[in-house]
Amino acid sequence: MRLLSRASRRGVIAAAAAGTLALGLAAALPAVNALAAAGCSVTYTTNQWQGGFTANITIKNLGDAINGWTLGFTFPDSGQKVTQGWSATYAQSGAAVTATSMSYNGALATGASASIGFNGSWTTANPNPTAFTLNGVACTGGVGPTVTPSGGPSRSPSPSASPRPSNSPSPSPSQPTGQTPVAINGQLRVCGVNLCNQYNRPIQLRGMSTHGIQWFANCYNDASLNALASDWLADLLRISMYVQEQGYETNPAGFTNQVNNLVEEATERGLYALIDFHTLTPGDPMYNLERAKTFFAAVSARHAAKNNVIYEITNEPNGVSWSTIKNYAEQVIPVIRANDPDAVVIVGTRAWSSLGVSEGGNATEVINNKVNASNVMYAFHFYAASHQGNYRSELERAAASLPMFVTEFGTVTYTGGGAVDTASSTAWVDLMDRLKISYANWTYSDANEGSAAFRPGTCNGGSYAGTANLTESGNFMRNRIRTADNFPTS
Ligand code: IDC
């Protein structure tokens, strides 16, 4: 089976599931304010695979400002279930679902939007819901690419195939071979709580993560990887290989090959390659234990002689205990070490690699019960618009005892979408710089979501160097990554 291209992913979405529903009502909202005008438009899109799907929902308030909201809808097929939501609190009774705002996204001014989403499961059919309520006001309407509400305020069309800006090639600072991150730093190892280079001096690697390579393979080509190395001056490429969601499990040989090729491309450019076994749903890494052993046996054998490969053995465990993750790690690490004994291995942490924080825990469970292997680091992930001071404090506290690596973070909310939170992103990157915590930003892609570095359409043939095709997030990250590295050489 061939890898799914991004175009065919679009086809799947369009054929199976995309629907846009826009509704505007000028109606009384009695429970809140008898005089308030209520109205909403809801965009509900899904990406589905056998048995599961992800839904992304954008709620736009077309009425008066509200402070707190509940979105209601009913699945047309009662076999559909919300399994894991984000940016809202979900409840389901039969086929009826409610999603209630969080403290940080409940206030919606007129015209403002909130983006939420969830992963779901389905049994026999997966049609999208076609009717929504917001704070009890029923919204009904047809499903189509765009349904303009009659009588409601006009709304601008959703960003579609974006206008491509003209590209003026910008001069790229060059990174001569002898000066590449790998040429300078060589084989890395963990020393104390740091990542150290061949001179046993602590360093920080700064780079970008691919999006899912099953969807965005067209973003990783000679031109884009040249730009990452020579224009962004990155140190690191994280290669994000989803296991589910049309990823590795559908074609192990094909995805192993795709990862291997990207490792070779990173190597040619003097970049470190971080191989991400991108488990996400289900959250229990044990579900993929045999696949992990097979995959890591293959990639570690292939790259054993290289000095630039780092292995991230599980992306974001969730809904499982630290002892389960540790058990998984202690079974997968020996498989890698049998081929590549000196490679650094990174282990995901509980609650989507939040050190447990997103499930009410903290780093103490790891500090008191470390993985029984040497040369191991622990992953921490954050999304700057969602995760703020308490997460920063926990990372800083953990980093005093544990070697930490931020293998994924976003400048936006943890849906991967929404606006860049510049203040929080700055605080986070400053913290990582100060503590010399290495990082990879989600994503070096042209996905149509705020976390992507490039505008939609760029990977169809646009240029990657310079700033012409960058999003706000891309600009922010390029500016931060391009600053001079501080790699001690003695
Ligand atoms: C998101 C992608 C989005 C995709 C979704 C489901 O940005 O396009 O539809 O995954 O596959 C993570 C995960 C990462 C998520 C990202 C943003 O590691 O896979 O990517 N995120 O939601 N953890 C926290 C946030």
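Values below: every heavy atom of this structure, side chains too, minus hydrogens, waters and symmetry copies. Quick caveat: nothing in here was measured; it's all calculated off a predicted structure.
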How close do [X] and [Y] get, heavy atom to heavy atom, and via which atoms?
X	Y	result
Gly417	Thr413	O-OG1, 3.0 Å
Asn61	Gly39	OD1-O, 3.4 Å
Ser445	Tyr220	CB-OH, 3.6 Å
Ser101	Gly68	OG-CA, 3.5 Å
Pro76	Pro127	CD-O, 3.5 Å
Gly416	Ser451	O-OG, 2.7 Å

| Is there a side chain to side chain donor-acceptor pair (under 3.5 Å) between Gln331 and Asn327 once you walk through the steps? | CA-CA 6 Å; Gln331 296 190 62; Asn327 181 3; 3.0 Å; yes
Compare all side-chain heavy atoms of [X] with those of [Y] and state whether any distance is below 4.5 angstrom.
X	Y	result
Met241	Phe277	yes
Val345	Val371	no
Thr123	Asp77	yes
Val366	Leu402	yes
Val347	Thr349	no
Leu355	Asn362	no
Thr210	Phe216	no
Met432	Ser438	no

Is it the case that the side chain of [X] and the backbone of [Y] share a donor-acceptor pair, with hydrogens and angles ignored and the cut-off at 3.5 Å?
X	Y	answer
Asn390	Ser393	no
Ser473	Ala453	no
Ser386	Tyr414	yes
Ser321	Thr324	yes
Gln92	Gln80	yes
Thr458	Phe454	no
Tyr378	Ile367	no
Thr471	Ala452	yes
Glu365	Trp322	no
Thr133	Ala138	no

Taking the ring of [Y] and the ring of [X], is the distance between their centroids below 6.0 Å?
X	Y	result
His278	Trp215	no
Phe255	Tyr242	no
Phe409	Tyr439	yes
Phe405	Phe380	no
Trp428	His387	no

| request: Would you check, one step at a time, whether the test side-chain contact (heavy atoms from CB on, under 4.5 Å) holds for Phe132 with Val97? | output: CA-CA 10 Å; Phe132 297 86; Val97 178; over 6 Å; no
Looking only at side chains, do [X] and [Y] share a donor and an acceptor under 3.5 Å apart?
X	Y	answer
Glu312	Thr407	yes
Thr58	Ser113	no
Asn475	Arg478	no
His211	Asp446	no
Asn251	Gln214	no
Ser240	Asp276	yes
Glu408	Tyr383	yes
Ser424	Arg392	yes
Ser358	Tyr391	yes
Tyr328	Asn288	no
Thr89	Thr100	no
Glu249	Gln244	yes

| request: Step by step, work out the salt bridge (charged side-chain N to carboxylate O under 4.0 Å, His left out) result for Arg302 and Glu264. | output: CA-CA 10 Å; Arg302 164 76 177 256; Glu264 299 297 346; 3.1 Å; yes
| Stepwise side chain to side chain donor-acceptor pair (under 3.5 Å) test for Thr98 and Thr70 | CA-CA 6 Å; Thr98 57; Thr70 295; over 6 Å; no
| request: Might you work through the side-chain contact (heavy atoms from CB on, under 4.5 Å) test for Val320 and Arg350, ending with a clear yes or no? | output: CA-CA 7 Å; Val320 288; Arg350 189 157 73 85; 5.7 Å; no
[atom1] of [X] to [atom2] of [Y]: how many Å apart, nearest 0.5 Å?
X	Y	atom1	atom2	answer
Ile213	Cys219	CD1	SG	12.0 Å
Ile346	Arg238	CD1	CZ	9.0 Å
Ile437	Arg206	CD1	CZ	14.0 Å
Asn369	Thr364	CG	OG1	12.0 Å
Ile336	Ile313	CD1	CD1	6.0 Å
Asn135	Trp69	CG	CH2	9.5 Å

| task | Fit a plane to each ring of Trp232 and Tyr444, take the angle between them on a 0 to 90° scale, and name the class: parallel (under 30°), tilted (30 to 60°) or perpendicular (over 60°). | result | perpendicular
| message | Determine whether Val429 and Leu431 satisfy the following criterion, side-chain contact (heavy atoms from CB on, under 4.5 Å), listing intermediate values before the conclusion. | response | CA-CA 5 Å; Val429 179; Leu431 175 72; over 6 Å; no
| task | Using the side-chain contact (heavy atoms from CB on, under 4.5 Å) rule, take Met208 and Met477 through it: C-alpha gap first, then chi angles, then the decisive distance, then the call. | result | CA-CA 9 Å; Met208 295 296 292; Met477 288 315 310; 4.3 Å; yes
| query | Just one of Thr83, Ile57, Thr415 clears the side-chain contact (heavy atoms from CB on, under 4.5 Å) bar with Phe118, so which one? | reply |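 Per the side-chain contact (heavy atoms from CB on, under 4.5 Å) rule, the option paired with Phe118 is Ile57, out of Thr83, Ile57, Thr415.
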